[in-house]
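Report on the structure given below.
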There are 2 protein chains.
Amino acid sequence: MSERRGYRSKAPTPALERLATYFAALSDLKRSHPETISSADIEERTGINAAQFRKDLSYFGEFGRPGIGYITDELQSRIARILNIEKIQPVLLVGTGNLGSALMGYPALRVGNFQIVAAFDNNRQKIGRRLWNLTVQDIADLTNANNDLHAKIAIITVPAASAQDVAEQLIQAGIRTILNFAPTALRLPPDVMVRNVDFMQELAVLSFHLPDNENH
Amino acid sequence: MSERRGYRSKAPTPALERLATYFAALSDLKRSHPETISSADIEERTGINAAQFRKDLSYFGEFGRPGIGYITDELQSRIARILNIEKIQPVLLVGTGNLGSALMGYPALRVGNFQIVAAFDNNRQKIGRRLWNLTVQDIADLTNANNDLHAKIAIITVPAASAQDVAEQLIQAGIRTILNFAPTALRLPPDVMVRNVDFMQELAVLSFHLPDNENH
DNA sequence: TAGATTGTTAATCGATTAACAATC
DNA sequence: TAGATTGTTAATCGATTAACAATC
């Protein structure tokens, strides 16, 4: 994970990441729907320290009642409000290769109210094809398509060599934040937030920590 | 990203993540193979501050020469050595759904010398099928298979409900570090390192930062 | 009231950045 | 020697943790 932002929020980014984790845990909990839940319960379910949880919430107000805990439903919906996911968030995806296609069909995104509403490619073979419930569109039609869709979030799953170019087109089309899977650094205006997901990087950190590595 | 470790290395985890980024950038650079490279050049290419780069290296010794910079090849191979990726690292994958399959065919993993050497599933429909260059094996054969393969790293791409169970089987089979794509917290012995990749979480942080969100 | 649990403060811990002496 | 660039120190900045008064 890495990111850039053009302004500063009080809450640390790790706190925001954990808020998403709390949200997912609460969604999961809904089946057994207990009326209330304590920070100790959250620690139990997420592995995140109870004090950390309370601190994370405190950036955004007061949520619980001393001696009681949190009303489960209310907690979940307030976290959704903070993360800006109460309503469905439309997301564009560019690059309909194996990874892009897998993300389009990834069920866990729905938990967070994210919906991939359009998929783009530059490959003639793929444009016009049906993929999941969408028709792959020509990348050249990006701006046109987003005039109607008004998506502000996009996912980039193109090869590294074309990622910068695609990112710039996305911004032209009104995108404000990007989840970038291409292993390359994007250079974009400071008001555009980028988060990078790099599988090789993740594996490298694991490899470093293997017991046979002398470099600890 | 998140993790657990049972011991402590001097280098901060963010430094290790950046080392992987430097490594990838150097691999990329190889085409134009300049003899030497400076920390300022690295900043140019990765967006990571030059002082940060030098600091990150300093956890592991001295690498460059004042007034000159770093010998490109040597820098790359020393970083590979630190990250424990000079030799091919065998990796197991469990869960051959869309995401698992996409990862098996993901070319960027080869840059880091990672090779998925076996794929497992519990679905009768999938076991025995050819996927990329591998035959999908029964999860029940995990330990047997890894007796030969000696992989220490595994990737989990199964549904959240079965992730804990799979993780425990992986540890039984000799796996020491896990890259977990299932959106659930794994409870494992402290000497097993886990890194979680959570797409919903990534999107949630982006959603939080959208200009229309009042909670900044 | 006694027990439980919050929200917040203060202390600790960790990571980044800037500056610069050392050195090629 | 003059210019470039490292490795490292010290200062700054940021995040986590523990403790506890407030409160249900």
Side-chain angles (χ1 to χ4, degrees), chain A residues 1-5 7-22 26 34-72 74-76 78-79 82 205 208 216, chain B residues 1-5 7-22 26 34-72 74-76 78-79 82 205 208 216:
Chain A
M1 163 269 316
S2 75
E3 76 193 65
R4 269 192 298 150
R5 55 163 105 70
Y7 48 87
R8 199 137 269 292
S9 123
K10 287 180 317 269
T13 301
L16 300 174
E17 294 171 351
R18 289 187 297 265
L19 282 174
T21 300
Y22 307 142
L26 289 167
E35 192 80 15
T36 64
I37 189 169
S38 70
S39 58
D41 294 333
I42 293 281
E43 175 165 0
E44 175 90 13
R45 295 187 157 264
T46 62
I48 298 166
N49 181 282
Q52 177 96 265
F53 168 76
R54 298 198 302 276
K55 180 75 171 156
D56 289 343
L57 290 183
S58 76
Y59 294 111
F60 302 101
E62 306 193 352
F63 291 66
R65 287 212 272 172
I68 309 289
Y70 306 82
I71 297 171
T72 312
E74 185 193 315
L75 180 60
Q76 192 195 18
R78 286 192 64 184
I79 293 177
I82 292 166
V205 175
F208 172 87
H216 293 160
Chain B
M1 165 270 316
S2 77
E3 75 191 69
R4 269 190 301 150
R5 57 162 101 73
Y7 48 86
R8 200 137 268 294
S9 120
K10 288 181 316 270
T13 300
L16 299 174
E17 295 172 350
R18 288 188 297 265
L19 282 174
T21 300
Y22 307 142
L26 290 167
E35 192 81 13
T36 64
I37 189 171
S38 70
S39 58
D41 293 334
I42 293 282
E43 175 166 0
E44 175 90 11
R45 294 189 158 262
T46 64
I48 298 166
N49 179 283
Q52 177 97 265
F53 167 76
R54 298 197 303 275
K55 180 75 171 157
D56 289 343
L57 290 184
S58 75
Y59 295 111
F60 303 99
E62 305 193 351
F63 290 68
R65 288 212 272 173
I68 309 289
Y70 305 83
I71 297 171
T72 313
E74 185 193 314
L75 179 60
Q76 191 194 19
R78 286 193 65 185
I79 293 177
I82 292 166
V205 174
F208 172 86
H216 292 160

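Chain identifiers are assigned alphabetically (A, B, ...) following the order of the sequence lines, protein sequences preceding nucleic acid strands; residue numbering begins at 1 within each chain.
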Could you tell me the separation between the [atom1] atom of [X] and the [atom2] atom of [N], rounded to a whole number of Å?
{"X": "Asn49(B)", "N": "dC13(D)", "atom1": "CG", "atom2": "P", "answer": "15 Å"}
{"X": "Asp41(A)", "N": "dT5(C)", "atom1": "CG", "atom2": "P", "answer": "8 Å"}
{"X": "Phe53(A)", "N": "dT6(C)", "atom1": "CZ", "atom2": "P", "answer": "8 Å"}
{"X": "Glu17(B)", "N": "dA15(C)", "atom1": "CD", "atom2": "P", "answer": "11 Å"}
{"X": "Glu62(B)", "N": "dT5(D)", "atom1": "CD", "atom2": "P", "answer": "18 Å"}
{"X": "Lys55(B)", "N": "dA18(C)", "atom1": "NZ", "atom2": "C1'", "answer": "12 Å"}
{"X": "Ile48(B)", "N": "dA15(C)", "atom1": "CD1", "atom2": "P", "answer": "16 Å"}
{"X": "Lys10(A)", "N": "dA15(D)", "atom1": "NZ", "atom2": "C1'", "answer": "16 Å"}

Q: Select base, sugar-phosphate, or nothing to describe what Arg54(A) touches, counting heavy atoms under 4.0 Å on all strands.
A: base
Q | Pro14(A) or Ser58(B), whichever maps to the more 5' nucleotide of DNA chain D | A | Ser58(B)
Q.
Only pairs with both distances under 3.5 Å count, Watson-Crick or wobble alike; so what is the partner of dT5(D) in this structure?
A. dA22(C)
(Q) Which nucleotide, if any, forms a Watson-Crick or G-U wobble pair with dT12(D), using both distances under 3.5 Å? (A) dA15(C)
Nearest heavy-atom neighbours spanning [X] and [Y]:
{"X": "Asp56(B)", "Y": "Ala15(B)", "value": "OD1-CB, 3.4 Å"}
{"X": "Ser39(B)", "Y": "Arg54(B)", "value": "OG-NH1, 3.1 Å"}
{"X": "Leu16(B)", "Y": "Phe208(A)", "value": "CD1-CD2, 3.5 Å"}

side-chain N/O [X] vs [N] OP1/OP2, d < 4.0 Å:
{"X": "Tyr59(A)", "N": "dG14(D)", "result": "no"}
{"X": "Arg18(B)", "N": "dT16(C)", "result": "yes"}
{"X": "Ser39(B)", "N": "dT6(D)", "result": "yes"}

Q. Quick one: are the ring centres of Tyr70(A) and Phe53(A) less than 6.0 Å apart?
A. yes
Q: Among the candidates dT23(C), dC24(D), dA18(C), find the nucleotide nearest to the side-chain atoms of Pro66(A).
A: dC24(D)
Q | Pro12(B) side chain, from C-beta outward: closest of dA15(C), dT6(C), dA18(D) | A | dA15(C)
Q | Aromatic Phe60(B) / basic Arg78(B) pairing, under 6.0 angstrom, 45° off normal | A | no
